[in-house]
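Whatever order the structure lists them in is the order used to number ligands and atoms, beginning at 1. Below, all heavy atoms of this structure are taken into account, side chains as well, without hydrogens, waters or symmetry copies.
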Amino acid sequence: MAMQVDYSLYLVTDSTEAILGKRNLVDVVELAILGGVTIVQYRDKTSDTGTLIKTAKALHAKCKAHNVPLVINDRIDVAQAIDCEGVHLGQDDTPISTARKILGLTKIIGATVSSIEEARIAVELGADYLGIGTLYATNTKKNTKEIIGVNGIRRILRYLDESGEKARGTKTVCIGGVNGSNAQRIMHQLYAPSPTKREPKTIDGVAVVSAIIAPSDPRAAASDLKSLVTTPPPFARHALSPSSIATSTSPLLTALKAVHQEHPISHNMTNLVVQNFAANVALCIGASPIMSNNGLEAPDLAKLGGGLVINMGTATPDALKNHRQAIQAYNAVGSPVILDPVGAGATSARKDALQFLMESGYFDLIKGNESEILAVARASGLRINLEARQQRGVDSGTSSLTPSQKASLVQHIALRERTVVLLTGATDILSNGHTTLAISNGHAFLGMITGSGCTVGTTLSAYLAANREGKFEAALAGLCHYEIAAEDAAKREDVKGPGTFVPAFLDELYKGRMDVVEDRGEEWVKRVKVEMLEVGDGADFVTEA
Ligand code: 3NM
C-alpha cells in the first residue's frame, strides 16, 4: 500500500523559460511548498538524465523537509535513483503494471487519464491516483489529447463511483487551465452525484503548473490556491438539502418580508425588450432594479449584496464576455446569480452561448421553459432519450414531457449542478436535487405578454439575494408571489385581456407584498398550490451522457 497522501494542491513543475523564467526551480518549488502545495511532480521533458537526477535529488530534499511527497513524471529510473515517493505516468509512458513490478507496492503510481476506458485500465492495473484532464485548454501543454471539460471529468468520477470499492477509492486530481479564478468552483462542480444515497465521489484536488510556477511570488500563489480549494465557495456556504416547505409554508412569508425589508438590488443583464417591465416588477416586489449590461461595473454592483440575472435573450459575443465577467464577480462574493437561458437550443449560437455561460461560473438558480431546460440538461452532460419522450406523448399544452419526466429532468440537473432548477409551465417544477415540487399557481395571461418568463428571473434574483440561507424556499416564495399576483390581476373587473392585465399585474405584485408585510399574509399563503413530488430515477428518459 502506498502512503496516505493529501492531493488537494498538486504542483506539477515546469522548467521552461516561458513559465519558470530565469529562476531556480528548486527555490520556486520550496516557496510553493511553504505556500501550501501538498504533493509535487517533477516534470521535465527535455533535460538529460544527469540533470534530471541532480534536480530531482535537490527537490526531494526540500520536499522531505516539509513532509511533502515527490513523484517523477515518466522516469522510473530517476525515481529509483533518488528513492522518492513515486512516479506519474502518461498514457505513452511505461505501463502501470511494469512500474508496479519495478517500484513495489509502497510507492505512489499516478496515471494521466482522459476517458472512462483509460480510467478503467489505470484502476485495474493499480494506479494510486488519476490525473484527469485536460480540463481546460492550456498554453503549458499544447499537445494534450482532448479537452474534456467539467462534464468529461464528472463522467469519469461517476464511472469510478459506480465501479466498485477499488475504483471508488482511487484518488483523483484534475489538470489543465486551473487557476485562482476557477479552482474553487471546479472543486465544487467536480463531483458525481450517485443515484444511491451514498456520499458522492468528489475530486480530491487540483493539479497546477503555471498558476503557481509562473507568478513572481509562488508562495502567495500557492497559499491563495490552497485556501480556495479547501474552503467551500461563497455561493455554497449553505448546502442544499431536503426541504419540508411543501408542508410548512410559513417560511414563504418570511422570505417575502425579507425582500421588502432588505430592498435588494436586482441587477439585470437582460434583453432590450423586457428592461422596462423587469424594472417595474422589481420595484413592485420591493427590490431595487439596475439594468446594466456592462461587465466592468459588475464587481462593484456584486458587493452591494443584490442578485444578478443573466438573461440570454440577446446573447451576442460581446454580451457573453460581459456576462462572464459579471458571473465571476457575483460568484466571488457569493451573491446569487440566476440563469435564464432564453431560447437555448433554438440555434447553434445559443447552444454555444449556454455552454459558454455554464462553463463561466456557478448559477444559484437556473430557470427556463421545457425546451430551455432540455438544452440545459444537454449542456450539463446529460443524455435525453427522445424516444422515451415521444412514446410518453403529451401532457398539457405544447409540452412533450410527462409530469414525471419533467420532475426527473429537473431533479437530475439540480443534483448534478448542485443548484436550484425551475421549469416553468402551466405547472412549474422546482427542485434543489433533494426535494422536488410542483406548483400550479399562475394564469394563462402570463403566456400572452412579453417578458413574463424574464421577470420571474428578476423576481427570483431579489428573493435569493434577501434569503441567502434558504435559496430553495426563497425561489418558491418568489414564484408564488409572482403567480398569485397574476391570478389576482386576471380576476379583476378592469382586466379585459393581456393589455389591461400588465398594469393590473404590477398593482397586484405590490398589493401581495403589502398584504404580507402588513400581516395579512395568512390568506395569501393559503393560496399557494404546491405539491411535493416523489421522483423516480427516470433512467429510461434522462441518463449520464
Ligand atoms: N498535463 P497549467 S495539462 C502537465 O491534460 C499537463 O494531461 C495535462 O498546466 C493533461 O496548470 C498539463 O499551467 C499542463 O494549465 C497544465
Closest to atom 3 (S) of ligand 1 (judged by heavy-atom distance), picking from Ile175, Leu11, Ile19
Ile175
Please list the nearest protein heavy atom to atom 15 (O) of ligand 1 with its residue and the distance rounded to 0.1 Å.
Thr138 OG1, 2.6 Å
Any side-chain heavy atom of Met312 within less than 4.5 Å of one from Leu354?
yes
Going by the atom numbers of ligand 1, which of them fall below 4.0 Å from some non-hydrogen atom of Thr112?
7 (O)
Validation row, ring centre Tyr330 to ring centre His267 under 6.0 Å:
yes
Among protein heavy atoms, which sits nearest to atom 8 (C) of ligand 1, and what does the distance come to when rounded to 0.1 Å?
Lys141 CD, 3.7 Å
Enumerate the atoms of ligand 1 whose separation from the nearest heavy atom of Ser210 is less than 4.0 angstrom.
2 (P), 11 (O), 13 (O)
Are any of the N or O atoms of Gly176 closer than 3.5 Å to those of ligand 1?
no
Ligand 1 and Gly133, any nitrogen or oxygen pair closer than 3.5 angstrom?
no
Measure from NZ or CZ of Arg324 to the centre of the six-membered ring of Phe356, then state whether that distance is under 6.0 Å and the direction lies within 45° of the axis.
yes
If the plane angle is over 60° it's perpendicular, under 30° parallel, otherwise tilted; pick one for Tyr10 and His88.
perpendicular
Just need the protein heavy atom nearest to atom 11 (O) of ligand 1, so name the residue and atom and give the distance.
Val209 N, 2.8 Å
Has Lys166 got more than 12 heavy atoms of other residues, nucleotides or ligands less than 6.0 Å from its NZ?
yes
Ligand 1 atoms nearer than 4.0 angstrom to some heavy atom of Val208 are 11 (O)
Examine the side chains of Arg468 and Ser335 and answer whether a donor and an acceptor come within less than 3.5 Å of each other.
yes
Polar contact flag, side-chain donor to acceptor under 3.5 angstrom, Asp6-Ser8
yes
For ligand 1, which atoms sit closer than 4.0 Å to a heavy atom of Thr134?
5 (O), 10 (C)
Taking 4.0 angstrom as the limit and counting only heavy atoms of Arg43, give me the atoms of ligand 1 inside it, by number and element.
4 (C)
Using the rule given for side-chain contact (heavy atoms from CB on, under 4.5 Å), can you reason through Asp128 versus Lys171, listing the C-alpha separation, both sets of side-chain angles and the distance that settles it, and then say yes or no?
CA-CA 7 Å; Asp128 295 294; Lys171 300 290 182 184; over 6 Å; no
